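These figures come from a predicted structure and were not determined experimentally. Any value given below was found using the heavy atoms of this structure, including those in side chains, with hydrogens, waters and symmetry copies removed.
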Amino acid sequence: MTDVQSFALAPSGPGWDNGVRNTPCLLFGKTVSLYGPVAGYRKHGDQIFVENSSIGDCFNTRKLGENNYARLLADCNQPHAEQVLGYVKAPQSMKFGSWDAMYDLCVKQYGSYKDPTRDLSGWVHEEETWNDDFRFVACMVTASKEGQKLPPGSALAAVE
């Protein structure tokens with residue numbers, strides 16, 4: 001996950017002396033709040049956002065409007081629409097909605113994966129989080145045509 005801070009909440013001295021030996025680990029978003037479940041608490045079909053996605057996550061998409069998609073966590077061993085390759089931090093000067101510039105950032109970081117079946121795309125959550133200084137772009141391996149799926153298995157292995 002990107003832009004998170006972990007924190008171990010150790011028991012107090014008296015708690016330890018009384019047998020409290022558990023240490024919960026907490027995750028906080030450094031810039032904005034985390035959206036939705038994280039790690040093993042997510043299940044296939046859950047809507048995923050940039051803030052709670054991880055490298056290697058696979059998604060299917062549902063179009064909600066122009067340039068607006070719901071990304072639903074998918075099983076990578078089944079055909080899927082997209083897979084997270086990694087993240088890049090956009091410069092402060094980049095405006096929200098600069099899709100070509102976000103694509104260029106991903107290509108600069110990870111190279112071009114354009115072929116007849118795959119392409120690369122950049123994904124950001126929403127303008128509000130962008131304006132709150134969450135400037136991370138998720139770089140995604142995608143099927144080259146809308147509505148097509150990547151084959152079962154990790155798309156990352158095919159592009160590494």
Side-chain angles (χ1 to χ4, degrees), residues 1-6 27-160:
M1 292 183 351
T2 185
D3 198 45
V4 294
Q5 176 67 50
S6 60
L27 286 177
F28 298 96
K30 288 181 183 177
T31 308
V32 296
S33 298
L34 291 174
Y35 288 85
V38 296
Y41 295 99
R42 305 173 307 163
K43 62 186 182 307
H44 296 150
D46 282 349
Q47 187 170 358
I48 302 298
F49 304 94
V50 175
E51 296 85 346
N52 70 334
S53 66
S54 296
I55 293 172
D57 278 350
C58 294
F59 307 114
N60 285 313
T61 56
R62 185 176 64 230
K63 190 167 187 167
L64 302 174
E66 186 64 31
N67 290 323
N68 187 14
Y69 297 85
R71 282 163 172 90
L72 308 174
L73 191 63
D75 181 349
C76 292
N77 293 315
Q78 299 296 319
H80 51 278
E82 301 175 298
Q83 188 168 9
V84 178
L85 180 61
Y87 304 91
V88 293
K89 185 149 186 179
Q92 286 296 115
S93 60
M94 185 178 289
K95 296 192 181 321
F96 180 83
S98 303
W99 311 121
D100 290 341
M102 290 178 197
Y103 174 85
D104 291 344
L105 281 175
C106 289
V107 168
K108 182 177 179 182
Q109 179 71 26
Y110 298 104
S112 176
Y113 298 110
K114 193 169 190 70
D115 69 25
T117 60
R118 291 183 175 85
D119 202 352
L120 191 65
S121 70
W123 169 41
V124 295
H125 181 183
E126 61 183 20
E127 191 167 7
E128 182 180 343
T129 56
W130 185 267
N131 292 337
D132 286 341
D133 206 32
F134 185 83
R135 298 296 177 100
F136 291 92
V137 178
C139 299
M140 313 282 287
V141 176
T142 66
S144 59
K145 294 182 182 160
E146 189 171 333
Q148 289 184 336
K149 301 275 186 168
L150 296 168
S154 175
L156 304 183
V159 296
E160 288 176 341

A.B. asks: Could I get the full list of side-chain contact (heavy atoms from CB on, under 4.5 Å) partners for Q148, not counting sequence neighbours?
C.D. replies: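 Applying side-chain contact (heavy atoms from CB on, under 4.5 Å) to Q148 gives A143, S144, K145.
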A.B. asks: Given side chains that start at C-beta, do those of P151 and R118 come closer than 4.5 Å, heavy atoms only?
C.D. replies: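 Heavy-atom side-chain distance check passes, below 4.5 Å.
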A.B. asks: Taking the side chain as every heavy atom from C-beta outward, state whether F136 and V124 have any atom pair closer than 4.5 Å.
C.D. replies: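 Counting from C-beta outward, F136 and V124 never come under 4.5 Å.
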A.B. asks: Report the residues that fulfil side-chain contact (heavy atoms from CB on, under 4.5 Å) with A90, sequence neighbours left out, ordered by chain and then residue number.
C.D. replies: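 Scan of A90 (side-chain contact (heavy atoms from CB on, under 4.5 Å), adjacent residues dropped) gives M94, L105, W130, R135, V137.
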A.B. asks: Please collect all salt bridge (Lys or Arg N to Asp or Glu O under 4.0 Å) contacts where either partner lies in residues 90-112, sequence neighbours excluded, each pair once.
C.D. replies: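 Not a single pair qualifies under salt bridge (Lys or Arg N to Asp or Glu O under 4.0 Å).
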A.B. asks: Just so I know, are the side chains of L120 and V107 near enough to count as touching, which here means a heavy-atom distance under 4.5 Å?
C.D. replies: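 Yes; the side chains approach each other to less than 4.5 Å.
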A.B. asks: Under the ring-ring contact (aromatic ring centres under 6.0 Å, His included) rule, what do W123 and Y87 come out as? Steps first, then yes or no, please.
C.D. replies: CA-CA 9 Å; W123 169 41; Y87 304 91; 8.7 Å; no
A.B. asks: Which heavy atom in K149 sits nearest to a heavy atom in N60, and how many Å separate them?
C.D. replies: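 Heavy-atom minimum between the residues: NZ-OD1, 2.6 Å.
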A.B. asks: Quick check: do L72 and T61 have side-chain heavy atoms less than 4.5 Å from each other?
C.D. replies: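 No, their side chains stay 4.5 Å or more apart.
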A.B. asks: Do L150 and E82 pass the side-chain contact (heavy atoms from CB on, under 4.5 Å) test, and can you show the C-alpha distance, the side-chain angles, and the key distance before you say yes or no?
C.D. replies: CA-CA 7 Å; L150 296 168; E82 301 175 298; 5.5 Å; no
A.B. asks: Has the side chain of N131 got a donor or acceptor atom that lies under 3.5 Å from a matching backbone atom of E128?
C.D. replies: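 It does not hold such a pair.
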A.B. asks: Is there any disulfide (SG to SG under 2.5 Å) pair reaching into residues 88-148, and which pairs are they, with sequence neighbours excluded?
C.D. replies: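 Listed by first then second residue: C106-C139.
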A.B. asks: Mind checking side-chain contact (heavy atoms from CB on, under 4.5 Å) for D75 and listing every partner two or more places apart, or none if nothing turns up?
C.D. replies: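 With neighbours one apart ignored, the set is H44, N77, Q78.
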A.B. asks: I'd like to know whether S53 forms a side-chain contact (heavy atoms from CB on, under 4.5 Å) with F59, so could you lay out the CA-CA distance, the side-chain angles of the two residues, the decisive distance to 0.1 Å, and finally the verdict.
C.D. replies: CA-CA 10 Å; S53 66; F59 307 114; 4.1 Å; yes
A.B. asks: Quick one: list whatever passes side-chain contact (heavy atoms from CB on, under 4.5 Å) with Q109, sequence neighbours left out.
C.D. replies: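 By the side-chain contact (heavy atoms from CB on, under 4.5 Å) rule, Q109 matches V88.
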